[in-house]
Amino acid sequence: MTYTLTTPLYYVNDKPHLGSAYTTLACDALARYQRLKGEAVIFITGCDEHGQKIQRTAEAAGLSPQAHCDAVSAQYRDLWERWQISNDRLIRTTDPRHRQIVAQFFARVEANGDVLEGRQQGWYCVACEEFKDDPAEATAPHCPTHQRPLEWRDEVNLFFRLSRYQQQIEQLIAQPGFIQPASRRREVENFVKQGLRDFSISRVNLPWGIPVPGHEGHTFYVWFDALLGYITALLEPNEEPDLALALSHGWPASVHVIGKDILRFHAVYWPAMLLSAGLELPGMVFGHGFLTREGQKMGKSLGNVLDPADLLERCGRDAVRWYLLRDIPFGEDGDFQQQRFSDLVNNDLANTIGNLLNRTSSMARRWFEDCVPARTTAAEASHPLAIAAETARSTVIGSLDALDFRSAAEATLQLAISANGFLNDQAPWSLMKQEGTQAQVADQLYAVLEAARIVAVLMAPLLPDLSSRMLLQLAQVPLDSGSAGYNPRPWLEQLAWGGLEPGAVLPEPSPVMARLELDAPL
RNA sequence: CGCGGGGUAGAGCAGUCUGGUAGCUCGUCGGGCUCAUAACCCGAAGGUCAGGAGUUCAAAUCUCCUCCCCGCCA
């Protein structure tokens, strides 16, 4: 069965921000993990390009909406490339094929009697693309999230009969694994319990959108259109836009990874739409937390936004991925702290892991003709490092299955710490000064090199670059599942203790991870 | 108003369900080692577990009240 996972389709109102990068990075780690386990993966990301807000932003910039979308979505594409995101698809909702898919989907919903005409009257926030409650009240209300004036709307729209799915949605969200993390489930439950109301799925007088077939003057509400992008994305690059065909490629999605702000759209509206069209429901909706910076909300007005492109440029892929995945519990809010960022990168990656490989490789080369030394007992399952490796392996797998990147990272690190400790306890550099200890030292170094290899293999989903660099220094073939020439041996097999071949020639070691020296603040 | 999440060493978190010496990572300080990227290993300091009351032989953990932060409803 195909493992389909999605990031949100990012709204191209502005250039990519760190939050989008965070989601995408996490999905990338998850996608790589699933591929390494041997799953067929479709990793979907993309851009949501319709709606009034985009139309206005484009106008303000003196561009056509299409030109604006082309420019911004190109920024996303470039950014993901630079981050080496392993997405299989990058869907744009302005893709002509998407129109067809939306139309076909809508036809099913309409045939099912779930499309009604209704009058919508109320205060509208263009930034949210949402009607706000308590109409008629106050003469000039503001949007609570955007602090911007609301606009009065009075229009006849098409409505989706969400109310009809009350019971099914209640059942769905009551399922233990559907909404993750579990702590967010209550919020949605409360919302649903208040009674689901039909919501409008079209807008009138809004040219920048997909026309609703059979309803002159109406275009689809951005969310209705955007969510369906997940299905359009399943089409192979040159395939005909056929809903059934798209679905056959990997629907339902195993998981939608999103920010917590759009949980309701994914856990309530979207499943109801799918039910109406008679389609299968996604397995999980994971709403991760938000990032703050040094304790403060990031925002243009505060001037403290971290630009993911700058961050990549200055710090590199491994460092940022490590910090975000290793230190911030996925699902909870997290704070980006520059000091801690460089502390962790330097400690964990450069010192604990990088230096472990460096020191061990140096000793092996010096005393054993540049080779992986011969083993006597080191390959046995009862070896202390074999036991540590097994603990790390099972913890990493359990954690990644649960999207707990943090504890996966910690378990990997723990193995490197054990190996460093083992080295200090055994002190092969002292032993070597005595007579007849060669075999013993060889055995010790073998075990530590093997532990380093396992660290590198375990690291592959989280830090593919660092993993590759480590494996090359261990005379191994890198595992990068995204590139050609990677090691085809199953990942799980490669995690078995004792895989390193004695006698393999070790290349001259050079630091696999440079220390992060941030002279200026980010 | 209501609802949800949270408040544990300087920082970030675990532990709370299933009461019983308060643990991890980073930072700080001291020691060890010299194979290595001024690295690695060991040890120490640092906590009235938000506050109060209660249940109990025993509470970070269970009950009630209060305060503070974040979010949902908006």
Side-chain angles (χ1 to χ4, degrees), chain A residues 122-123 125 128 130-135 137-138 141-147 150 179 181-195 259-264 267-268 287 289-290 292 294-297 322-323 326-368 404 406-407 409-414 416-433 441 444-445 448-449 452 473 509-517:
Chain A
W123 293 102
C125 173
C128 302
E130 259 187 330
F131 278 94
K132 299 295 170 181
D133 281 349
D134 55 12
E137 194 185 301
H142 283 244
C143 169
T145 41
H146 290 93
Q147 306 299 334
L150 297 175
I179 295 177
S183 53
R184 300 207 196 289
R185 197 166 96 201
R186 275 291 159 73
E187 256 171 37
V188 180
E189 275 176 354
N190 277 335
F191 170 75
V192 173
K193 227 185 299 169
Q194 291 167 17
K260 60 182 184 177
D261 54 331
I262 52 176
L263 186 54
R264 194 196 301 165
V268 179
F290 282 164
T292 52
E294 314 291 344
Q296 287 204 301
K297 218 168 183 165
W322 181 251
Y323 177 61
R326 126 99 222 234
D327 202 41
I328 292 160
F330 198 57
E332 306 299 310
D333 289 346
D335 191 33
F336 192 107
Q337 298 179 337
Q338 180 165 338
Q339 185 63 52
R340 186 162 172 83
F341 171 44
S342 61
D343 281 347
L344 285 187
V345 168
N346 292 342
N347 255 285
D348 299 346
L349 300 184
N351 299 350
T352 303
I353 292 176
N355 183 55
L356 169 71
L357 176 58
N358 199 262
R359 68 196 296 216
T360 314
S361 178
S362 297
M363 286 187 273
R365 281 169 52 88
R366 180 170 310 165
W367 301 323
F368 299 96
D404 185 350
R406 188 165 171 266
S407 85
E410 231 163 54
T412 307
L413 189 64
Q414 208 53 52
I417 290 173
S418 302
N420 272 318
F422 178 81
L423 222 36
N424 278 56
D425 290 345
Q426 306 300 321
W429 50 87
S430 305
L431 258 188
M432 266 317 271
K433 291 172 185 159
V441 169
Q444 291 168 358
L445 293 184
V448 177
L449 284 171
Q473 288 208 17
S510 75
V512 287
M513 187 71 199
R515 302 171 64 83
L516 208 52
E517 311 285 357

Legend entry - Side chain of A:Arg340 (C-beta onward), nearest among B:rC40, B:rU25, B:rG71: B:rU25
Inset, instruction - Looking only at non-hydrogen atoms, find the nearest pair between A:Leu445 and A:Pro428 and report the distance. - result: CD2-CG, 4.1 Å
Legend entry - Beyond-backbone contact of A:Met363 with A:Phe368, side-chain heavy atoms, under 4.5 angstrom: no
Inset, instruction - Side chain of A:Arg264 only, please: which of B:rA74, B:rC40, B:rC26 is the nearest? - result: B:rA74
Legend entry - P gap between B:rG6 and B:rC62, integer Å: 12 Å
Inset, instruction - Between B:rC35 and B:rG12, how far apart are the P atoms? Round to whole Å, please. - result: 40 Å
Inset, instruction - Take atom P in B:rC70 and the same atom in B:rG52, then report the distance between them in whole Å. - result: 24 Å
Inset, instruction - Take atom C1' in B:rG15 and the same atom in B:rC57, then report the distance between them in whole Å. - result: 23 Å
Legend entry - Shortest side-chain distance from A:Trp429, nucleotide among B:rG4, B:rU34, B:rU37: B:rU34
Inset, instruction - Looking only at side-chain atoms of A:Arg359, point me to the closest of B:rU25, B:rG4, B:rC35. - result: B:rC35
Inset, instruction - Measure from NZ or CZ of A:Arg340 to the centre of the six-membered ring of A:Tyr323, then state whether that distance is under 6.0 Å and the direction lies within 45° of the axis. - result: no
Inset, instruction - Check the pair A:Asp343, A:Gln339 against side chain to side chain donor-acceptor pair (under 3.5 Å), reporting the backbone distance first and the verdict last. - result: CA-CA 6 Å; A:Asp343 281 347; A:Gln339 185 63 52; 3.2 Å; yes
Inset, instruction - For A:Arg184, answer base if it contacts any base atom (sugar-phosphate contacts may also be present), sugar-phosphate if it contacts only those atoms, and nothing otherwise; contact means non-hydrogen atoms under 4.0 Å. - result: nothing
Inset, instruction - Give A:Met432 one of three labels, base, sugar-phosphate or nothing, depending on what nucleic acid heavy atoms sit under 4.0 Å from its own. - result: nothing
Legend entry - Nucleotide nearest A:Ser362 when distance is taken to its side chain, options B:rC35, B:rG12, B:rC40: B:rC35
Inset, instruction - Both distances under 3.5 Å, Watson-Crick or G-U wobble: report the partner of B:rC73, or none. - result: none
Inset, instruction - Tell me which nucleotide among B:rC35, B:rU34, B:rC70 gets nearest to the side chain of A:Asp333. - result: B:rC70
Inset, instruction - Please report the closest heavy-atom contact between A:Leu356 and A:Arg359, naming both atoms and the distance. - result: O-CG, 3.3 Å
Legend entry - Whole-Å distance separating the CD atom of A:Glu332 from the P atom of B:rG5: 11 Å
Inset, instruction - Assign A:Arg185 to base, sugar-phosphate, or nothing according to its heavy-atom contacts below 4.0 angstrom with the strands shown. - result: nothing
Inset, instruction - Among B:rA74, B:rC35, B:rG4, find the nucleotide with the atom closest to the side chain of A:Glu187. - result: B:rG4
Inset, instruction - State whether A:Asn347 places a side-chain N or O below 4.0 Å from either non-bridging phosphate oxygen (OP1 or OP2) of B:rG27. - result: yes
Inset, instruction - Run the salt-bridge test on A:Lys260 and A:Asp333 with the 4.0 Å N-O cut-off and return the result as yes or no. - result: yes
Inset, instruction - Pick the C1' atom in B:rG7 and in B:rA45, then give their distance to the nearest Å. - result: 25 Å
Inset, instruction - Using a 4.0 Å heavy-atom cut-off across all strands, classify A:Glu189 as base, sugar-phosphate, or nothing. - result: nothing
Inset, instruction - Report the base-pairing partner of B:rU63 (Watson-Crick or G-U wobble, both distances below 3.5 angstrom), or none. - result: B:rA53
Inset, instruction - Give A:Val188 one of three labels, base, sugar-phosphate or nothing, depending on what nucleic acid heavy atoms sit under 4.0 Å from its own. - result: nothing
Legend entry - Gap in Å between the two P atoms, one belonging to B:rA14 and one to B:rA50, rounded: 13 Å
Inset, instruction - Figure out the CG/C1' separation between A:Asn420 and B:rC35, and round it to whole Å. - result: 11 Å
Legend entry - Carboxylate-amine/guanidinium proximity below 4.0 Å for A:Glu187 and A:Arg184: no
Inset, instruction - Sticking with atom P, work out how far B:rU63 lies from B:rG27, rounded to a whole angstrom. - result: 38 Å
Inset, instruction - Give one of base, sugar-phosphate or nothing for A:Pro511, where a contact means two heavy atoms less than 4.0 Å apart. - result: base
Legend entry - Sidechain N-carboxylate O distance under 4.0 Å for A:Arg406, A:Asp327: no
Legend entry - Mate of B:rU28 where both pairing distances stay under 3.5 Å, Watson-Crick or G-U: B:rA44
Legend entry - Residue matched to B:rA9 through Watson-Crick or wobble contacts both under 3.5 angstrom: none
Legend entry - Separation between the P atoms of B:rA58 and B:rA53, rounded to whole Å: 15 Å
Legend entry - Atom pair distance, as rounded to whole Å: CG in A:Asp348 and C1' in B:rC13: 14 Å
Inset, instruction - Please report, rounded to the nearest Å, how far the P atom of B:rG12 is from the CG atom of A:Asp335. - result: 7 Å
Inset, instruction - Just call it for A:Thr352: base, sugar-phosphate, or nothing, with non-hydrogen atoms closer than 4.0 Å on any strand. - result: sugar-phosphate
Legend entry - For atom CD of A:Gln339 and atom C1' of B:rG10, their distance in whole Å: 12 Å
Inset, instruction - Could you tell me whether A:Gly354 contacts a base, only the sugar-phosphate backbone, or nothing, with contacts defined as non-hydrogen atoms closer than 4.0 Å? - result: base
Legend entry - Closest nucleotide among B:rU37, B:rC40, B:rG4 to the A:Met513 side chain: B:rU37
Legend entry - Minimum-distance nucleotide to A:Asn351 side chain [options: B:rU37, B:rC40, B:rC35]: B:rC40
Inset, instruction - Please tell me which of the listed nucleotides, B:rC26, B:rC35, B:rC73, lies nearest to the side chain of A:Gln194? - result: B:rC73
